[in-house]
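Just so you know, these numbers come straight off a predicted model, no measurement behind them.
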Amino acid sequence: MSERRLIEIGIIRYSGAQQSAVLGLTDLFDMANRIAVSRGQNNTPILRISHWQAEAAAAAPHRVFDSCPDAQPGTLTALILPPTLGEPMAAETSAPLASWLCGQHAGGAILGSVCAGAFVLAATGLMAHRRMTTHWTYAESLQQRFPSVRVDADKLIIDDGDIITAGGLMSWTDLGLRLVDRLLGPTVMLETARMLLVDPPGREQRYYSVFSPRLTHGDAAVLRLQHWLQATGARDMALARLAEQAGLEQRTLLRRFQKATGMTTTEYCQRLRVGRARELLQFGGATIERVAWEVGYGDTGAFRKVFTRLVGLSPGEYRRRFGVA
C-alpha cells in the first residue's frame, strides 16, 4: 500500500439507485486514480472508492464494497447519491438515510446528489434556503415537497462547496469530474474526461430541457388561453388579445395566469416561442433571421437576446451543437 494519503469517496446504493451510475462513477474515479498515480507525484492522494448499501429498515448504510480493503478505515471525504430510474424516494423511506447523511456532513463529508437523489439530500434539511438542481422533470415536485429549497433546474451542476448537486440522469459524469478536479486537480480531471470521452464540466441543463407547461392547475380560463397559445405558437403576445382569448379582464388575467402557471404571460410566450425556435434550428436549415420571424420576432436582435437568456447558448451556437440538418 502506497504511503500517499487516502481520500475516500462513498457511493450510496439505496433502493432503486441506477446501477449504471454507481458502476460508472466507480470506473470514473478508478480511472482518475490511475492517471494520478501514473503521473508520479508523491503528494497526490489516492482515491478510495466505497459503496454503501442503504436499506429502508436500516438505521444507517453499511459498506459493501471497498477499493482499498486492506487499508485502515478513514473519514469519508465525499458521499454521492446517484440517480434512480424510478420515482424519487418517499420522505418516510429516506428518513434514516437522511439522518445518517447529516451526521457524515457534520463530520466534514461533502454531499452530492444526481437527478432524483436530490430528494434524499433535501430530506436532510441541509438544503433549506440553499440552491440545488435536479432533473428538470422533477423540479416542480422537488420544490413542492421542499418549499424552502431554492430549486434551479437550469443548471446542470451547482457546486456550493460542501454540497454539490447535479441535474439529469447522466450528469453523474459532471459531478464525478467536479470531485476529481477538486481532489486531484484540473490536469487529472481533464485527462480523465478525455480518456472517457465525456465533456468536462461547464454544460448547463437548460441546453437540453424542454418547456413543459403546467396544465393541471384547474383554472379553465387560463387553460383555454394556454391551448390557444400552443396552437398559434404564441405569435400574438398582446395582452389585450390574450385577455380576449381567456375571457378575462387584463389585470385579472395577469394575476390568475401567474398563479396557475408560475410565470407571467410574457415569460410563458417567450418559452413557447423559443421551444419552437429550437426545433427549427435543430432540424431545419433556415437562417436565424428567418427562424426569428417564423416564431414571431420581427427584431432578430431581440430574438437572439431572449433565446440566449433562456437556453444559455446563442441561436448559432445551439445550431452548431445540436443541429442535425
Side-chain angles (χ1 to χ4, degrees), residues 7-13 17-39 41 44-51 65 67 77-85 110-118 121 132-139 152-161 163-210 278 282 311-314 317-324:
I7 291 180
E8 182 173 354
I9 299 177
I11 304 169
I12 302 171
R13 288 164 40 178
Q18 184 185 4
Q19 293 303 304
S20 61
V22 173
L23 298 177
L25 281 164
T26 303
D27 288 343
L28 185 150
F29 293 134
D30 181 62
M31 176 66 71
N33 190 47
R34 292 170 183 266
I35 291 170
V37 170
S38 71
R39 297 181 66 83
Q41 298 176 353
T44 302
I46 290 177
L47 286 186
R48 176 182 195 167
I49 306 113
S50 56
H51 295 176
F65 169 79
S67 65
T77 303
L79 281 163
I80 300 173
L81 290 155
T84 175
L85 295 178
I110 300 166
L111 301 184
S113 69
V114 183
C115 192
L121 184 52
M132 74 183 309
T133 188
T134 186
H135 193 289
W136 55 272
T137 59
Y138 289 137
D152 183 359
D154 282 344
K155 299 297 184 183
L156 191 67
I157 190 164
I158 296 177
D159 186 343
D160 207 16
I163 296 177
I164 307 173
T165 57
L169 283 168
M170 294 302 296
S171 61
W172 57 262
T173 60
D174 298 82
L175 188 147
L177 290 173
R178 181 62 61 93
L179 281 173
V180 170
D181 187 8
R182 184 185 295 190
L183 300 175
L184 299 180
T187 301
V188 173
M189 181 274 289
L190 289 171
E191 192 168 343
T192 303
R194 283 195 295 268
M195 288 294 293
L196 297 176
L197 296 179
V198 295
D199 289 337
R203 298 176 293 156
E204 293 194 22
Q205 189 158 239
R206 55 181 171 168
Y207 299 170
Y208 311 95
S209 62
V210 177
R278 289 170 68 161
Q282 187 173 359
V311 179
L313 298 169
S314 70
E317 290 170 334
Y318 186 86
R319 167 170 276 166
R320 285 191 293 273
R321 187 159 187 167
F322 299 106
V324 297

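- For the pair Gln18/Pro83, a side-chain contact is recorded, criterion being any heavy-atom separation below 4.5 Å from C-beta on.
- Between the side chain of Ser314 and the main chain of Glu317, a donor-acceptor pair closer than 3.5 Å is present.
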Assess the residue pair Leu179 and Phe29 against the criterion (side chain to side chain contact (heavy atoms under 4.5 Å, CB included)); give the C-alpha distance rounded to whole Å, side-chain angles, the decisive distance to 0.1 Å, and a yes or no. CA-CA 9 Å; Leu179 281 173; Phe29 293 134; 4.1 Å; yes

Hey, mind stepping through Glu191 and Met31 against side chain to side chain contact (heavy atoms under 4.5 Å, CB included) and telling me if it holds? CA-CA 9 Å; Glu191 192 168 343; Met31 176 66 71; over 6 Å; no

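- Two residues are said to be in side-chain contact when any heavy atoms from C-beta on lie closer than 4.5 Å; Ile9 and Arg48 fail this criterion.
- Ion pairing between a basic and an acidic side chain is recognised when a charged N comes within 4.0 Å of a carboxylate O; Arg34 and Asp30 show such pairing.
- Inter-residue side-chain proximity for Gln282 and Tyr318 is flagged as met; some heavy-atom pair is nearer than 4.5 Å.
- Inter-residue side-chain proximity for Ile164 and Ile110 is flagged as met; some heavy-atom pair is nearer than 4.5 Å.
- Atom CG of residue Leu184 and atom OG1 of residue Thr192 lie 7.5 Å apart, to the nearest 0.5 angstrom.
- Closest approach of Ile49 and Phe65 over heavy atoms only: O-CE2, 3.6 Å.
- What you find for Leu169 and Cys115 is that their closest heavy atoms are CD2-SG, 4.0 Å.
- If you take CG on Asp160 and CG on Leu111, they are separated by 11.5 Å, rounding to the nearest 0.5 Å.
- Closest of all the heavy-atom pairs between Pro45 and Ile7 is CG-CD1, 3.4 Å.
- Note on ring orientation: taking the six-membered ring where Trp is involved, the planes of Tyr138 and His135 are perpendicular (angle over 60°, cut-offs 30° and 60°).
- Side chain of Arg182 to main chain of Gly161: a donor-acceptor pair is present (N/O by atom type, distance under 3.5 Å, no hydrogens or angles).
- Here the closest heavy-atom approach between residue Val22 and residue Ile11 is recorded as O-CD1, 3.8 Å.
- Counting only N and O atoms by type, the side chains of Ser50 and Glu8 include a donor and acceptor under 3.5 Å apart.
- Taking CG of Asp152 as the reference point, atom CD1 of Ile158 lies at 4.5 Å (rounded to 0.5 Å).
- Two residues are said to be in side-chain contact when any heavy atoms from C-beta on lie closer than 4.5 Å; Ile80 and Leu175 meet this criterion.
- A heavy-atom distance below 4.5 Å is found between the side chains of Thr26 and His51.
- For the atom pair Leu23 CG and Trp172 CH2, the distance stands at 9.0 Å (nearest 0.5 Å).
- For the atom pair CZ (Arg178) and CG (Leu183), the distance works out to 12.0 Å, reported to the nearest 0.5 Å.
- Contact between Ala116 and Thr134 at its shortest, heavy atoms only, is N-OG1, 4.0 Å.
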Ile12 vs Leu79, side chain to side chain contact (heavy atoms under 4.5 Å, CB included): CA-CA, chis, key distance, verdict: CA-CA 7 Å; Ile12 302 171; Leu79 281 163; 4.2 Å; yes

Stepwise side chain to side chain contact (heavy atoms under 4.5 Å, CB included) test for Met132 and Ile163: CA-CA 9 Å; Met132 74 183 309; Ile163 296 177; over 6 Å; no

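- Counting heavy atoms from C-beta outward, Ile157 and Thr133 have side chains that stay 4.5 Å or more apart.
- Summarising the geometry of Met189 relative to Val180, their closest heavy-atom pair is CA-CG1, 3.7 Å, with the distance given to 0.1 Å.
- Atom CG in Leu190 sits 10.0 Å away from atom CD1 in Ile35 (nearest 0.5 Å).
- Counting heavy atoms from C-beta on, the side chains of Thr165 and Leu121 come closer than 4.5 Å.
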